[in-house]
Amino acid sequence: SSKYVLSQMHPMWQEPLAIPGGDRQSPIDIVVRKSLFDPQLKPLVPAYDPQTCQQIWNNGYSFLVEYDDTTDKSTLKGGPLEDQFRLCQFHFHWGESNAWGSEHTVDRKLFPAELHIVHWNTEKYDLFEEAVMEDNGLAVIGVFLKIGKRHEGLQKLVDALPAVRHKDSVVDFERFDPACLLPSNINDYWTYHGSLTTPPLTEAVTWIVMKQHIEVSHDQLAVFRSLLFTSAEEEVQKGMVNNFRVQQPLRGRTVRSSFS
Ligand SMILES: NS(=O)(=O)c1ccc(NC(=O)NCCCCO)cc1
Ligand SMILES: [Zn+2]
């Protein structure tokens, strides 16, 4: 584990003084021995159609790979979820060094990066914008990244990143199946009720954090760090690194595990 003082970080946005609700914020530290095995948790059922992949967008926080979420072609159900959810985007959070970068931690262990696959509840809501305001509106799968062998499936995405170097740049991106970024075992996960980790920080998320990480190479992660927070017009260019939120108080919440 890496004991680093990150106090001199330059947060990309100011933590608001008052947070909506504020007692189920994300990310959190997952204390493994305090998580509760729930035998009623079902296997997760992601069903993604790569044809719904549309574009990559640098939004000034991260880069989002966005999917057409106007039909039920790419869905997530099962696990802790009662309803069917629709894939809308995935993105990552990472550090300036391999010593930190993830948003969630496991027994305080930091990972160099974390993938978030974002879905919204299409049984209860008609638009993402509605779902993002409701307590069971979103489901986000979190996957930790470790530095190791090159991830062949990720390379197609890495090769496209120079085209979205600056904030607000967008490039077409087709036929990418996010399932290739999931670990081989998706039956072992932790789940808890939390929030978005960037504004609007709304407490709408059922988090599903995979126990098994995926591996990417040092060079692949280095390309993430070549992106910029700033748009092409700005004089001072800022490297897109450390785009993670610090851990938030658990406030009495229980983290359930799908494995004992
Ligand atoms: N880091 S996180 O908690 O996974 C997260 C996910 C989605 C968002 N917001 C988001 O996707 N807004 C885009 C709305 C586009 C509507 O289609 C913010 C943070
Ligand atoms: Zn995220």
Side-chain angles (χ1 to χ4, degrees), residues 1-17 19 25-30 56-66 89-118 140-148 151 154 157-158 160-169 181 194-202 205 207 209-210 213-250:
S1 75
S2 46
K3 309 224 176 327
Y4 288 84
V5 178
L6 301 176
S7 56
Q8 59 279 77
M9 270 173 49
H10 312 283
M12 52 206 150
W13 40 271
Q14 290 302 317
E15 286 281 351
L17 296 174
I19 288 173
Q25 288 290 292
S26 294
I28 60 169
D29 175 47
I30 295 168
I56 307 176
W57 172 39
N58 177 334
N59 71 349
Y61 293 141
S62 181
F63 62 91
L64 312 183
V65 179
E66 299 188 295
Q89 54 107 328
F90 72 81
H91 62 274
F92 298 81
H93 303 263
W94 60 91
E96 65 192 288
S97 96
N98 292 334
W100 64 78
S102 61
E103 296 211 301
H104 291 90
T105 50
V106 180
D107 290 342
R108 292 287 167 203
K109 178 184 169 54
L110 293 152
F111 292 83
E114 185 174 334
L115 160 66
H116 290 158
I117 310 177
V118 184
V140 183
I141 296 175
V143 181
F144 296 116
L145 276 62
K146 278 182 99 167
I147 302 299
H151 193 295
L154 184 71
L157 177 51
V158 168
L161 292 183
V164 290
R165 196 151 179 265
H166 288 99
K167 178 181 175 195
D168 299 331
S169 44
L181 297 176
S195 74
L196 297 183
T197 65
T198 64
L201 301 172
T202 43
V205 183
W207 278 96
V209 180
M210 290 294 142
H213 63 269
I214 60 170
E215 280 191 15
V216 303
S217 71
H218 175 89
D219 291 355
Q220 287 179 314
L221 200 52
V223 178
F224 284 23
R225 300 190 185 105
S226 73
L227 297 178
L228 299 168
F229 279 133
T230 44
S231 57
E233 296 73 40
E234 294 179 64
E235 296 77 44
V236 181
Q237 299 294 332
K238 291 196 193 105
M240 185 179 274
V241 293
N242 300 330
N243 56 356
F244 54 85
R245 189 188 192 193
V246 292
Q247 278 92 34
Q248 302 296 308
L250 191 59

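Residue numbers start at 1 and run along the sequence shown. Note that the coordinates shown come from a computational prediction; the quantities given were computed from them, not determined experimentally. Computed from heavy atoms alone, side chains included, the values below leave out hydrogens, waters and symmetry copies.
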Nearest atoms (heavy-atom pairs only) where [X] meets [Y]:
{"X": "Ser195", "Y": "Leu201", "answer": "CB-O, 3.6 Å"}
{"X": "Pro112", "Y": "Ile147", "answer": "CG-CG1, 4.0 Å"}
{"X": "Trp13", "Y": "Thr198", "answer": "CZ2-CA, 3.8 Å"}

| Name of the residue among Met240, Lys167, Lys238 meeting side chain to side chain contact (heavy atoms under 4.5 Å, CB included) with Thr230 |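 In the set Met240, Lys167, Lys238, the residue that makes a side chain to side chain contact (heavy atoms under 4.5 Å, CB included) with Thr230 is Lys238.
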Would the distance check show the side chain of Glu103 and the main-chain N or O of Arg245 forming a donor-acceptor pair, the cut-off being under 3.5 Å?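 Flag set: sc Glu103 to bb Arg245 pair under 3.5 Å.
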Partner residues of Val158 under the side chain to side chain contact (heavy atoms under 4.5 Å, CB included) criterion, sequence neighbours left out: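 Residues passing side chain to side chain contact (heavy atoms under 4.5 Å, CB included) with Val158: Leu154, Gln155, Gln220, Val223, Phe224.
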**Prompt:** Residues in side chain to side chain contact (heavy atoms under 4.5 Å, CB included) with Leu196, at least two apart?
**Reply:**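 Expected list: Val132, Leu138, Pro200, Thr202, Val205.
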Are any non-hydrogen side-chain atoms of [X] and [Y] less than 4.5 angstrom apart?
{"X": "Leu181", "Y": "His151", "value": "yes"}
{"X": "Met210", "Y": "Leu115", "value": "no"}
{"X": "Val164", "Y": "Trp57", "value": "no"}

- Among His93, Gln247, Glu114, Lys109, which one satisfies side chain to side chain donor-acceptor pair (under 3.5 Å) with His104?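 With His104 as partner, His93, Gln247, Glu114, Lys109 yield a single side chain to side chain donor-acceptor pair (under 3.5 Å), made by Glu114.
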- [ ] Kindly say whether the aromatic ring centers of Trp207 and His116 come within a distance under 6.0 Å.
- [x]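 Yes, they do, as the ring centres are separated by less than 6.0 Å.
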Exercise for review: Please step through side chain to side chain donor-acceptor pair (under 3.5 Å) for the pair Thr105 and Asp29, ending with a clear verdict.
Suggested key: CA-CA 5 Å; Thr105 50; Asp29 175 47; 2.8 Å; yes
